[in-house]
Amino acid sequence: MADLEFSSREQEGMYRLLVMLNSSLQFIMKRLEEIAGNKLLDPRYLKDMATLTQEVQTTLDETVKRKGVK
């Protein structure tokens, strides 16, 4: 993937979007924990969804660190 260059205004907007997405992923993780506690879905499915959510969050965090978005 090509390196993208952002103006300071674009970088600020990107940071805001990443914060919102990170919050959404944290919300998803909490809801998956609640669902698991209520045994509404198959535990293996919930574990897979939690793992995928965590992978997305980790990838975003690593990308932000690598790109130096502040």
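Note that this is a predicted model, so its numbers are computed, not measured. For the numbers below, each heavy atom of this structure counts, side chains included, while hydrogens, waters and symmetry mates do not.
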Enquirer: With sequence neighbours excluded, what pairs up with R9 under the salt bridge (charged side-chain N to carboxylate O under 4.0 Å, His left out) test?
Expert: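 Counting only residues at least two positions away or on another chain, R9 forms no salt bridge (charged side-chain N to carboxylate O under 4.0 Å, His left out).
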Enquirer: Return the set of residues passing side-chain hydrogen bond (donor to acceptor under 3.5 Å, both in side chains) with Q26 (not counting sequence neighbours), or none when no residue passes.
Expert: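 Here no residue qualifies.
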Enquirer: Is L52 reachable from L60 through a run of hydrophobic residues whose side-chain heavy atoms are each under 4.5 Å from the next?
Expert: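 Result: yes, single cluster for both.
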Enquirer: What residues, two or more places apart in sequence or in another chain, satisfy side-chain contact (heavy atoms from CB on, under 4.5 Å) together with L17?
Expert: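 Scan of L17 (side-chain contact (heavy atoms from CB on, under 4.5 Å), adjacent residues dropped) gives none.
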Enquirer: Using side-chain contact (heavy atoms from CB on, under 4.5 Å) as the criterion, list what pairs up with I28, not counting sequence neighbours.
Expert: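 For I28, the residues satisfying side-chain contact (heavy atoms from CB on, under 4.5 Å) (neighbours in sequence not counted) are L25, L32, T53.
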Enquirer: What salt bridge (Lys or Arg N to Asp or Glu O under 4.0 Å) pairs are there with at least one residue in residues 45-54, not counting sequence neighbours?
Expert: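 Output for this query is empty, none listed.
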Enquirer: Does any pair with a residue in residues 16-25 pass side-chain hydrogen bond (donor to acceptor under 3.5 Å, both in side chains), and if so which ones, sequence neighbours excluded?
Expert: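 Listed by first then second residue: N22-Q57.
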Enquirer: Which pairs with one or both residues in residues 17-29 pass salt bridge (Lys or Arg N to Asp or Glu O under 4.0 Å), sequence neighbours excluded?
Expert: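 Applying salt bridge (Lys or Arg N to Asp or Glu O under 4.0 Å) to every pair that reaches into residues 17-29, excluding sequence neighbours, yields nothing.
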Enquirer: List in chain and number order the residues that pass salt bridge (charged side-chain N to carboxylate O under 4.0 Å, His left out) with E55, two or more places apart in sequence or in another chain; answer none if no residue qualifies.
Expert: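 Testing E55 for salt bridge (charged side-chain N to carboxylate O under 4.0 Å, His left out), a comparison that skips the adjacent residues, returns none.
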Enquirer: Tell me which pairs pass salt bridge (Lys or Arg N to Asp or Glu O under 4.0 Å) where either residue lies in residues 24-33, with sequence neighbours left out.
Expert: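 As it turns out, the salt bridge (Lys or Arg N to Asp or Glu O under 4.0 Å) pairs with a partner in residues 24-33, which skip direct neighbours, are R31-E34.
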Enquirer: So, using side-chain contact (heavy atoms from CB on, under 4.5 Å) as the criterion, who are the partners of D42 when residues are at least two apart?
Expert: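 side-chain contact (heavy atoms from CB on, under 4.5 Å) check on D42 returns R44, Y45.
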